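Contents: one structure, followed by commentary.
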Amino acid sequence: MTNDKEALFAKFLDYLHSEQPIPEYLGEPPESANSFDPYQMVAEWTALRHEVKQQGKLLRSTQDALVQALEVTRADKEQLQIRLEESQKQAWGQFEQQQEKLLKDLLGILDALDQACTYWQEEIEALSATSKPKPATQKSFWEKLGQWFPSKEAQSIVSEKSLTSSDLSEILTSNQQGVELIRRSLLEVLRQRRVIPITSMGKPFDSQTMYAVGREFRADVTDNIVIQEVVRGYLWGDRVLREAQVIVAAQGTLD
């Protein structure tokens, strides 16, 4: 057994000392092979590390530039949004001012229609009570109509032909109904635009919506109660478009 091991070991030594042919699959051996240079490897590794650091710095610089550009863009967007909101507020304010002026002009027309209706109603009641002509010194209805609506058409309406009380009452009633229809239509237009009259008669005086033009001493009315509406006031939404001009009651009597 021992002899067999020694013989096997001897063959192995002979194999190591002998030159074995190169296998065919390895091909021909290279003519020359560079020897390993550890200094060159360290130099290449150092150069590679330096390049990686430079690329990292460039990447961080690019990232910082992008972040800064993003912040500038965000700031510009906020400024643009602020300017847009300010422009919208300014445009809306100008529109409200123009609309308020138009509504106040319409209130002037409505006041004229109210005065006309009130006057015609008084004339109709006066004609119903008596048929006596009024003194010549008092202005006629047509003269007052010419003052409210100064135009050639209104002045040409006045006729020198005398009219009976019945005819005049019929004319006044017809005119009153026509103007009242126009007045109601104008009130509806204003209501659609959130313009409504202020109710003041019999109400306590409110300095937010009313303006007192006078005080009247009344013993039968509670103090600071509106007893007469001189000019009707109107609300525009939650804003006062025009204050109501009123006369309020005061307790006591004049000395």
Side-chain angles (χ1 to χ4, degrees), residues 38-117 148-149 179-213 224-226 229-248:
Y39 296 102
Q40 182 178 1
M41 184 190 71
V42 172
E44 291 178 355
W45 180 81
T46 303
L48 180 61
R49 182 180 178 184
H50 179 73
E51 182 68 20
V52 170
K53 287 183 178 181
Q54 293 297 326
Q55 293 296 329
K57 291 181 180 179
L58 180 61
L59 179 60
R60 285 192 297 270
S61 177
T62 304
Q63 185 178 3
D64 294 341
L66 290 175
V67 171
Q68 185 177 2
L70 181 61
E71 292 178 353
V72 171
T73 303
R74 186 183 294 110
D76 291 342
K77 181 180 179 181
E78 292 176 356
Q79 292 294 330
L80 179 61
Q81 184 68 24
I82 293 174
R83 289 196 296 268
L84 180 60
E85 291 177 357
E86 292 178 352
S87 177
Q88 290 177 348
K89 289 180 180 179
Q90 184 178 4
W92 179 252
Q94 293 177 353
F95 172 74
E96 281 192 337
Q97 291 178 357
Q98 295 175 357
Q99 191 174 14
E100 182 177 359
K101 183 179 182 302
L102 175 61
L103 293 175
K104 287 183 177 180
D105 292 341
L106 292 178
L107 291 183
I109 299 175
L110 186 60
D111 291 340
L113 295 176
D114 289 339
Q115 293 175 4
C117 290
W148 294 332
F149 304 99
V179 174
E180 180 66 22
L181 180 61
I182 298 174
R183 174 182 172 275
R184 290 179 181 179
S185 300
L186 183 56
L187 279 174
E188 179 62 22
V189 171
L190 293 173
R191 187 191 66 81
Q192 293 176 0
R193 284 153 181 79
R194 302 181 298 117
V195 178
I196 57 175
I198 298 174
T199 303
S200 59
M201 285 296 298
K203 301 291 183 181
F205 176 76
D206 182 8
S207 59
Q208 299 296 326
T209 59
M210 303 176 190
Y211 176 76
V213 296
N224 225 30
I225 296 296
V226 176
E229 185 181 63
V230 180
V231 177
R232 184 170 300 171
Y234 290 87
L235 294 175
W236 181 24
D238 55 353
R239 297 168 50 185
V240 178
L241 181 62
R242 187 178 70 182
E243 292 180 332
Q245 299 182 17
V246 298
I247 297 176
V248 298

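Below, each value reflects all heavy atoms present in this structure, side chains not excepted, and no hydrogens, waters or symmetry copies. Each residue takes its place number in the sequence, starting with 1. All figures in this text were calculated on a predicted structure; none of them were measured in a lab.
- Tested against Ile196, the residues Leu190, Leu187, Leu241, Leu235 include a single side-chain contact (heavy atoms from CB on, under 4.5 Å) partner, Leu235.
- A salt bridge does not link Lys89 with Glu86: every distance from a Lys NZ or Arg NE/NH1/NH2 to an Asp or Glu carboxylate oxygen is 4.0 Å or more.
- Ion pairing between a basic and an acidic side chain is recognised when a charged N comes within 4.0 Å of a carboxylate O; Glu229 and Arg232 show such pairing.
- Ion pairing between a basic and an acidic side chain is recognised when a charged N comes within 4.0 Å of a carboxylate O; Arg74 and Glu71 show no such pairing.
- The ring-ring contact (aromatic ring centres under 6.0 Å, His included) contacts involving residues 45-75 comprise nothing, where partners must be two or more places apart or lie in separate chains.
- When all heavy atoms of Leu106 and Leu186 are compared, the pair lying nearest together is O-CD2, 3.9 Å.
- Put simply, the side chain of Met210 reaches to within 4.5 Å of the side chain of Val226, judged on heavy atoms.
- With Val213 as the partner, the side-chain contact (heavy atoms from CB on, under 4.5 Å) test is satisfied by one option alone out of Val248, Ile247, Val246: Ile247.
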Exercise. Could you give me the CA-CA distance, side-chain angles and deciding distance for Gln90 and Gln94, then say whether side-chain contact (heavy atoms from CB on, under 4.5 Å) is met?
Key: CA-CA 6 Å; Gln90 184 178 4; Gln94 293 177 353; 3.8 Å; yes
Practice problem: May I have the step-by-step check of side-chain contact (heavy atoms from CB on, under 4.5 Å) for Gln99 and Trp236, ending in yes or no? | Solution: CA-CA 11 Å; Gln99 191 174 14; Trp236 181 24; 3.5 Å; yes
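- Taking 4.0 Å as the cut-off between side-chain N and carboxylate O, Lys101 and Asp105 count as a salt-bridged pair.
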Quiz item: Between Arg242 and Val231, does a side-chain contact (heavy atoms from CB on, under 4.5 Å) hold up when you go through it step by step?
Solution: CA-CA 9 Å; Arg242 187 178 70 182; Val231 177; 3.7 Å; yes
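- Looking at Gln55, Arg49, Gln54 one by one, the single match for side-chain hydrogen bond (donor to acceptor under 3.5 Å, both in side chains) with Glu51 turns out to be Gln55.
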